[in-house]
Amino acid sequence: MARNIVFSKVMALLWLSSIVFTQAQPRPWSAFQAPKELARKLTRNPQTLSLASIDYGQIVHQTPFAVFEPSSVSDISDLISFSNSLAIPFTIATRGQAHSGLGQTMTRDGVVLNMTHLNAFRNGSGILVSCDGKSPLGCYADVGGEQMWIDVLHATLKHGLTPLAFTDYLYLSVGGTLSNAGINGRDFRFGPQISNVLELDVVTGKGDLVTSSMEKNSETFYAVLGGLGQFGVITRARIMLGPAPTRVNWLRLLYNNFTVFSRDQEHLISFNERNDTTAADYIEGMLLLNQPPLDLSFYPTSDQQRITSLVTQYGIIYIIELVKYYDNNSEARVKEVVANLVKGLNFVPTFMFENDASYEEFVNRVHAEERVLRLEGLWEVPHPWLNIWVPRSRISDFNEGVFKDIILKQNITGGISLVYPMNRNK
């Protein structure tokens, strides 16, 4: 069995972000230099500037000179063209949901491009679902770069369809995640979100609106996807869709040995063909550290004490999260498929736990956690985190050197740690 595998280790939520390009301006420029139609869409309202100077990470703070609120894609082109016309162009930072970690949606003394403002002028055309055979699966959605993935989910579910790839948190902009990668536990079969895009409209650093795909203007297409926003502003993405399941069978398997844990994960993602109905639909892994308070809300109350004892005994427990999607047509077989997937796995005996949930409840599960954190005043706080891609050959060293010798032995609060393998060919 081929082992073309890369591990991803994520601290806290995924880093989804920003677009920054053109040369930095050493001092504030004057809005009076802007053409009249642009100037009226630039705001220097103190509250607006204050909001544009923070992001989800709440570590970096930079105040822009102005915030630009476009009412059309051509406004974005005009803004970039105007910047380029100056002797010293100003910096433009694109802001969607501002879920960047280190200020990527900000610019000091430049202009923040508020993409969310564009949605008000779409007249209901921000998400359009089509089934005309132009996608490998027959259906796709044309989505504005400012749209949130949660809204894409809701719009496509009305047609019995769903995007093939999400991030774990859905209140993020389409342009933001596609400027990074967009990863979660589906990637071993479908690849990240950027592998499930058919076409893009992009306003380039020259101010040109370019339609690109694998066949047309492909250099722009591949540069922008995962390009960290350095090659243009995504204003539309054509997203591949597939049939939407209605329910999920959701398992967590507990391990006290990292080598066994990682080997079982690699076994599970070896079944990775897109049309394989016997494969898992979602595989992630996480750590349960001996650091109170333990989040055991997934598990039955009657089992929480013995799980706590297991964590106390070993210091770290490793969890495989295995999910199988189903609908009315496949409900009768789902238990059999899951039993075959679990057969031969070497988790701690009797420490397999199972829940059943709606598809929407599962893919939007992080939002439920967000609501709890907001009530506790723990959402609007600094969020340092890190995504690391570790070669399979060194992942055991990473466990010993980082998880055990640093986080556990030095009692460093690690937040959420996700550990799961991905296939290189996806």
Is it true that [Y] and [X] share a donor-acceptor pair across their side chains at a distance under 3.5 Å?
X      : Y      : value
Lys41  : Ser71  : yes
Tyr140 : Asp132 : yes
Asn180 : Thr177 : no

> Among all residues two or more places apart in sequence or in another chain, which pass the side chain to side chain contact (heavy atoms under 4.5 Å, CB included) test with Pro70?
Replying inline: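 Side chain to side chain contact (heavy atoms under 4.5 Å, CB included) check on Pro70 returns Phe68, Asp75, Ile76, Leu113, His117, Leu118.
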So, for [X] and [Y], which heavy atoms are closest and what is the spacing to 0.1 Å?
X      : Y      : result
Arg274 : Arg189 : O-NH2, 2.7 Å
Leu102 : Asp55  : N-OD2, 3.7 Å
Ser195 : Phe190 : CB-O, 4.0 Å
Arg122 : Gln147 : CG-NE2, 4.4 Å
Arg186 : Leu164 : NE-O, 3.3 Å

>> By the definition side-chain contact (heavy atoms from CB on, under 4.5 Å), identify the one residue from Phe261, Tyr318, Phe258 that meets it with Leu287.
In response: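 Option passing the side-chain contact (heavy atoms from CB on, under 4.5 Å) with Leu287: Tyr318.
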>> For Arg374 and Glu370: C-alpha separation, side-chain torsions, deciding distance, then whether salt bridge (Lys or Arg N to Asp or Glu O under 4.0 Å) applies.
In response: CA-CA 6 Å; Arg374 284 189 183 277; Glu370 176 191 351; 2.8 Å; yes
> Residues two or more places apart in sequence or in another chain: which of them pass ring-ring contact (aromatic ring centres under 6.0 Å, His included) with Tyr282?
Replying inline: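 Partners of Tyr282 by the ring-ring contact (aromatic ring centres under 6.0 Å, His included) criterion, ordered by chain and then number, come out as Phe362.
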>> Tell me whether the NZ or CZ atom of Arg263 lies within the 45° cone about the ring axis of Tyr255 and under 6.0 Å from its centre.
In response: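 No - Arg263 does not lie over the ring of Tyr255 by the 6.0 Å and 45° rule.
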